[in-house]
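Since the structure comes first, as structure tokens, the remarks are kept for the end.
Here the structure is a predicted model, which means the values were calculated and not measured. The analysis underlying the following values was restricted to heavy atoms, covering all of them including side chains, and did not include hydrogens, waters or symmetry mates.
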Amino acid sequence: MNFRSSRSLRTALVASAAAGAMLLTACGGSDTAATSTSSSSSTSAAMSSAESPAASAGTGTEASGTGSAAESSAGTLTSAATATTAAPAELEAAKAGLVDSSKLKVCTSLPYAPFEYSDLDGKVVGFDMDMMDLVATELGVTREVVDTDFTGIQSGQAMGSSVCDIAAAAMTITPERQAAITFSDPYYAATQALLVPADSTITDLSGLSGKTLAAQAGTTGKIYGDANAAKYGYTVVEYTNITEVEAAVQTGTAQAGIHDDGPLFEYVKTNPAFKVATTFETGEQYGFGMKLGNTDLAAVVNAVIKKAVDDGTYDTVKAKWFPVG
């Protein structure tokens, strides 16, 4: 698999975070600086990185949901996952701030494989969910998934109104979102990709002149597509979720679709009638999102991410959902 997003987290956790800041470079030319709101930079400071990815202005994540909830036991991953990583005081404060002291309520927006989706048994699984299981285990609670519309997640409303404690929704850290959400340290590096039919001659945005590009509302793909529309002479059509973007390309309503690379590579694996024509090096970084000011939970999440990277659990999770070859 040609996943740029399967790079080591040591690349995603850039050296600049040691100073408590993350640089987000806007696609299409301009640069935008974003100050990290996470309560600890220890994870990033501990990592050594030969590459410092920059992120596009925008977001990249998934479909709107129905507001239903599904619960699973925490601790899907057991390798070194039960040892305490956060300070006792941090754990107590984070647990005291949970919506329900017995659960970690996780907002996401389904489906968005391989980050979050329902398996054949109806259980919500995926890369993000395994990471949330590690956090839930650390807190000594179970994980409950709340499937909700992504617009409410990325605006911070879902966490702010106590629908959930944390968002795990393949959500890019952006300056706009940092104004409404307390983010964890970056846990995943991603970029944008262009979906086209397998027999299409379109290789990049320049091939879309006079044509239509499908994009999901509220995502970095939509923002990137809008930013380049005038330059390349195409029209962007907005859809509610990623499945509608894929359907638009399938039916020919749109000649291409833009979205985060991970789910599009996952899609073409099982849909050979389509291909990823190209990727755009936007350098986006995903973070888990909490209610603005919830630094207690952020401290625990950051400690869990750091420990998972240090002891190899992160690489195990990554290989499970993004196999190489």
Side-chain angles (χ1 to χ4, degrees), residues 5 9 12-13 17 22 24 26-27 32 34 36-38 53-65 104-117 124 126-132 135 143 145-161 163-193 215-224 240-242 245 258-264 266 282-292 294 297-298 301-302 304-305 321:
S5 51
L9 186 63
L13 299 175
M22 180 174 65
L24 296 169
C27 297
T32 305
S36 174
T37 58
S38 60
S56 86
T59 100
T61 145
E62 54 277 17
S64 25
L104 179 69
K105 299 190 74 172
V106 181
C107 275
T108 195
S109 192
L110 303 172
Y112 201 68
F115 291 93
E116 39 265 337
Y117 65 97
V124 181
F127 180 86
D128 282 350
M129 296 302 107
D130 279 356
M131 294 299 293
M132 286 296 97
V135 175
R143 163 174 64 89
V145 175
V146 180
D147 181 16
T148 189
D149 194 281
F150 182 66
T151 56
I153 293 175
Q154 63 94 27
S155 68
Q157 180 181 0
M159 293 76 76
S161 60
V163 172
C164 54
D165 303 295
I166 189 168
M171 181 164 54
T172 300
I173 301 169
T174 70
E176 294 79 11
R177 288 174 178 167
Q178 286 178 311
I181 297 170
T182 291
F183 276 100
S184 70
D185 290 333
Y187 72 93
Y188 187 86
T191 191
Q192 294 300 307
Q216 182 186 341
T219 63
T220 42
K222 172 68 162 52
I223 292 173
Y224 187 81
T240 302
N241 55 54
I242 189 173
V245 170
I258 189 169
H259 215 283
D260 288 14
D261 60 344
L264 289 190
E266 183 74 9
T282 55
E284 297 173 45
Q285 296 181 0
Y286 292 167
F288 298 117
M290 289 143 281
K291 181 179 180 179
L292 189 64
N294 191 353
L297 183 55
V301 175
N302 289 341
V304 169
I305 294 172
W321 298 105

Taking every heavy atom of G221 against every heavy atom of I258, the minimum-distance pair comes out as O-CG2, 3.4 Å
With side chain to side chain contact (heavy atoms under 4.5 Å, CB included) as the test, would you mind laying out the steps for L297 and D165 before giving the verdict? CA-CA 9 Å; L297 183 55; D165 303 295; 4.1 Å; yes
Considering non-hydrogen atoms only, spot the tightest contact between I242 and P111 and give its length. CG2-O, 3.8 Å
Is there a side-chain contact between V145 and K105 (heavy atoms, below 4.5 Å)? no
All heavy atoms of E284 vs all of T282, minimum pair found to be OE2-OG1, 3.0 Å
Is any side-chain heavy atom of Y286 closer than 4.5 Å to one of P186? no
Working to the nearest 0.5 angstrom, can you tell me the gap between Y117 OH and T108 OG1? 13.0 Å
Hey, would you say the F150 and Y112 ring centroids sit under 6.0 Å apart? no
Hits for side-chain hydrogen bond (donor to acceptor under 3.5 Å, both in side chains) against S155, two or more places apart or cross-chain, chain-then-number order -> none
Minimal heavy-atom distance between A158 and S161, with the atoms involved, is O-OG, 3.6 Å
With a 6.0 Å cut-off on ring centres, are Y187 and F288 close enough? yes
Checking side chain to side chain contact (heavy atoms under 4.5 Å, CB included) for the pair F115/Y188: CA distance, chi angles, key distance, verdict? CA-CA 11 Å; F115 291 93; Y188 187 86; 3.4 Å; yes
For the pair M132 and L104, evaluate side chain to side chain contact (heavy atoms under 4.5 Å, CB included) and give the outcome as yes or no after the intermediate values. CA-CA 8 Å; M132 286 296 97; L104 179 69; 4.2 Å; yes
What heavy-atom pair brings I181 and G289 nearest, and what distance separates the two atoms? CG2-CA, 3.5 Å
So Q178 and I173, do their side chains get closer than 4.5 Å, heavy atoms only? yes
Quick check for you: to the nearest 0.5 Å, what is the distance between D260 atom CG and M171 atom CE? 12.0 Å
For the CH2 atom of W321 and the CD atom of E116, what is their distance to the nearest 0.5 Å? 10.5 Å
Could you tell me whether the side chain of D185 and the main chain of N302 form a donor-acceptor pair under 3.5 Å? no
If you measure from CD on Q154 to CG on D149, what distance do you get to the nearest 0.5 Å? 9.5 Å
For the atom pair CG (D130) and CZ (R143), what is the distance rounded to the nearest 0.5 Å? 7.5 Å
If I compare all heavy atoms of T182 with all of A298, which pair ends up nearest, and what's the gap? CG2-CB, 4.0 Å
With rounding to the nearest 0.5 Å, note down the distance linking CG in D147 to CG in L110. 4.0 Å
Can you find a pair of side-chain heavy atoms, one from V106 and one from C164, that are under 4.5 Å apart? no
Decide side chain to side chain contact (heavy atoms under 4.5 Å, CB included) for I166 and C107; before the verdict, give the C-alpha distance in whole Å, the side-chain angles of both, and the deciding distance to 0.1 Å. CA-CA 6 Å; I166 189 168; C107 275; over 6 Å; no
Under the side-chain contact (heavy atoms from CB on, under 4.5 Å) test, residues paired with V245 that sit two or more places apart: A214, Q216, Y239
Of all residues at least two apart in sequence or in a different chain, which pass the side-chain contact (heavy atoms from CB on, under 4.5 Å) check with A193? D261, L264, V276, T279
